[in-house]
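A short worksheet on the structure shown next.
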There are 2 protein chains.
Amino acid sequence: MARPTSFDRDAAIETAMQELWRHGYEASSVKKISELLGITRSSYYNAFGTREELFKLALAAYGAQSPDRVLCGDLLERPILVLLTAMFRQVCAVRAADPEARGCLFINSLCELGGEQSELGQLLVDSFISGAERLEELLDIAVRNGELPGDTDTHAKALCIQNLLIGLNTQSKAVHDEDELWLVARTMLEGLGLYRE
Amino acid sequence: MARPTSFDRDAAIETAMQELWRHGYEASSVKKISELLGITRSSYYNAFGTREELFKLALAAYGAQSPDRVLCGDLLERPILVLLTAMFRQVCAVRAADPEARGCLFINSLCELGGEQSELGQLLVDSFISGAERLEELLDIAVRNGELPGDTDTHAKALCIQNLLIGLNTQSKAVHDEDELWLVARTMLEGLGLYRE
DNA sequence: GGTATTTTATACATAAGTGAACAAAATATT
DNA sequence: AATATTTTGTTCACTTATGTATAAAATACC
């Protein structure tokens with residue numbers, strides 16, 4: 001019962017996400033994104049509200065295609081550590097294959113905004129903590145499944161996995177060779193006793 | 001034979017560095033920094049040239065006080081791995097103690113600008129690569145000194161150390177407890193066979 | 001003291017960026 | 001077809017930001 005939008009909302013979010021991924025939050029002004037989308041700022045504000053709102057939508061869109069999304073799923077067929085190892089291999093492949101070396105949008109944003117005492121900064125920090133807790137749960141399951149020794153410090157290992165993810169994604173901005181990235185990931189996973197073929 | 005500057009140049013660079021550390025490169029406009037320093041943009045341009053130039057000066061000032069500066073020194077009294085372990089402990093302490101959770105200026109900048117094909121982005125990427133090579137040299141010395149087995153893959157371990165540094169510094173934006181950070185560092189170093197008391 | 005030299009202040013011009021207001025356009029529903 | 005509803009286009013008012021140009025101020029040197 002109203003005028004329809006002249007553009008594809010989901011496609012616009014996707015385009016905006018790619019730009020945020022490329023240049024970060026602060027560099028992605030309403031003006032720039034509007035011009036990129038071929039819409040007026042008027043339409044931007046109307047469709048998405050503030051810059052923060054669109055950023056949150058972009059983060060969600062990113063999450064749906066991120067190589068570490070597998071960790072959020074509920075149904076895990078394969079053993080957890082096999083899945084984890086495969087995920088890291090995927091991360092290395094995807095990051096090395098990006099000609100723009102953008103790393104990970106989430107981690108980039110945490111780095112850019114995590115220190116600020118803004119709503120977005122807090123949101124990113126909270127998501128990071130949730131991610132670590134989720135990983136710890138997965139490792140606890142792995143212990144119960146006999147994939148890991150009973151005395152495994154799953155809390156420490158969960159933080160280490162997060163640490164490795166951060167490092168690989170950021171490092172991929174300087175190291176573009178998949179084998180080099182994988183060398184790091186494999187060495188670290190082996191050192192943590194988490195590597196599984 | 002000329003009018004002297006009304007401000008302390010080194011102090012100004014230090015103040016600018018702190019601000020760049022806090023909010024990143026793009027957020028630190030000439031206007032903001034000038035107002036923060038209590039000088040006019042005119043003086044800014046005259047004293048430092050472009051924003052890039054001041055940023056490079058700030059990077060140098062940061063490097064001189066960074067917890068990982070020990071890796072650049074030539075004279076190493078203690079065994080290298082003891083020094084390395086101590087450095088990581090220092091990184092954890094310093095990052096946890098920062099009430100603003102700014103992480104590491106260098107790594108923040110690599111994350112923000114590393115992907116862009118700008119002069120600064122390339123400079124940061126190059127510095128990162130140099131850092132990895134320097135670490136590899138140190139590990140090679142450690143092998144020769146008998147601190148590490150002869151078959152150690154120093155290339156892999158050097159990249160892993162860089163990875164760990166990136167992860168800890170960025171993670172410190174979300175994890176403010178020194179013990180938690182150290183837990184990650186120690187677990188990783190032990191896993192890599194690099195931990196020494 | 002006069003002069004050369006550099007810093008600082010001020011102004012100018014221009015572009016980018018934000019946010020709101022309001023009218024015009026488009027469409028689904030009645 | 002009229003209307004309610006939402007999107008879109010346009011304008012306004014304002015701040016931020018960059019870069020330059022030019023004049024005024026302050027000092028060192030002769």
Side-chain angles (χ1 to χ4, degrees), chain A residues 1-59 108-109 112-113 116-121 123, chain B residues 1-59 108-109 112-113 116-121 123:
Chain A
M1 170 203 244
R3 179 175 179 172
T5 57
S6 65
F7 59 95
D8 183 328
R9 182 181 168 86
D10 288 337
I13 293 173
E14 171 72 19
T15 303
M17 183 271 279
Q18 296 286 343
E19 189 70 1
L20 283 158
W21 194 358
R22 238 184 298 274
H23 300 299
Y25 179 72
E26 280 307 325
S28 301
S29 65
V30 176
K31 184 184 192 349
K32 273 190 190 158
I33 298 291
S34 298
E35 287 170 355
L36 181 70
L37 295 177
I39 65 177
T40 60
R41 287 188 301 122
S42 188
S43 297
Y44 179 112
Y45 285 123
N46 179 259
F48 305 116
T50 65
R51 204 149 116 258
E52 285 81 8
E53 293 302 321
L54 178 52
F55 181 69
K56 289 180 194 169
L57 293 171
L59 267 186
N108 293 351
S109 305
E112 181 183 0
L113 306 169
E116 322 275 333
Q117 59 243 43
S118 60
E119 192 206 324
L120 275 184
L123 183 146
Chain B
M1 165 201 248
R3 178 174 180 172
T5 57
S6 65
F7 60 94
D8 184 328
R9 182 182 167 86
D10 288 338
I13 293 172
E14 171 73 19
T15 303
M17 183 270 279
Q18 297 286 342
E19 189 70 2
L20 282 158
W21 195 357
R22 239 184 298 275
H23 300 298
Y25 179 71
E26 279 307 325
S28 302
S29 65
V30 175
K31 182 183 190 356
K32 275 190 188 157
I33 298 291
S34 298
E35 287 169 356
L36 181 69
L37 295 178
I39 65 177
T40 60
R41 288 189 301 120
S42 188
S43 296
Y44 179 111
Y45 284 123
N46 179 258
F48 305 116
T50 66
R51 203 150 115 257
E52 285 83 9
E53 293 303 321
L54 179 52
F55 181 69
K56 288 179 194 170
L57 294 171
L59 268 185
N108 293 351
S109 304
E112 180 182 1
L113 305 169
E116 320 276 331
Q117 60 242 46
S118 59
E119 191 206 325
L120 276 184
L123 183 146

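Lettering follows sequence order; numbering is per chain, from 1.
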Does [X] place a side-chain N or O at less than 4.0 Å from the phosphate oxygens OP1/OP2 of [N]?
| X | N | value |
| --- | --- | --- |
| B/T40 | C/dT8 | no |
| B/S6 | C/dT8 | yes |
| A/S43 | D/dT8 | yes |

d([atom1], [X]; [atom2], [N]) in whole Å:
| X | N | atom1 | atom2 | answer |
| --- | --- | --- | --- | --- |
| B/L37 | C/dT8 | CG | P | 11 Å |
| A/E26 | D/dA17 | CD | P | 10 Å |
| B/E52 | D/dT18 | CD | C1' | 12 Å |
| B/N46 | D/dA26 | CG | P | 16 Å |

In chain order, what residues pass the side-chain contact (heavy atoms from CB on, under 4.5 Å) check against [X], with sequence neighbours excluded?
| X | answer |
| --- | --- |
| A/Y45 | A/V30, A/R41 |
| A/N46 | none |
| A/A27 | A/H23 |
| B/K56 | B/E53, B/E119, B/L120, B/L123 |

Looking at residues at least two apart in the chain, or sitting in another chain, which of them share a side chain to side chain donor-acceptor pair (under 3.5 Å) with [X]?
| X | value |
| --- | --- |
| B/T50 | B/E52 |
| B/S34 | none |
| B/T15 | none |
| A/T40 | A/S43 |

First encountered from the 5' end of DNA chain D, between B/P4 and B/T50: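 Checking each residue's closest nucleotide, the 5'-ward one belongs to B/T50.
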Using nucleotides 22-25 of chain D, report all nitrogen or oxygen pairs with the protein that are shorter than 3.5 Å.
unit_1, atom_1, unit_2, atom_2, d
D/dA25, N3, B/R3, NH1, 3.0

When you measure from the side chain of B/E112 to the backbone N and O of B/Y25, does any donor-acceptor pair fall under 3.5 Å?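 It does hold such a pair.
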According to salt bridge (Lys or Arg N to Asp or Glu O under 4.0 Å), who are the partners of A/K32, at least two apart in sequence or on a separate chain?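 Scan of A/K32 (salt bridge (Lys or Arg N to Asp or Glu O under 4.0 Å), adjacent residues dropped) gives none.
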Heavy-atom protein contacts under 4.0 Å, nucleotides 11-18 of chain C, coded B base, S sugar-phosphate only, - none: -----SSB
Residues within residues 7-22 of chain A bordering DNA chain D, heavy-atom distance below 4.0 Å: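 DNA chain D contact set from residues 7-22 of chain A: A/F7.
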If you round to the nearest 0.5 Å, how far is CD of A/Q18 from CZ of A/R22?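 The CZ atom of A/R22 sits 6.0 Å away from the CD atom of A/Q18.
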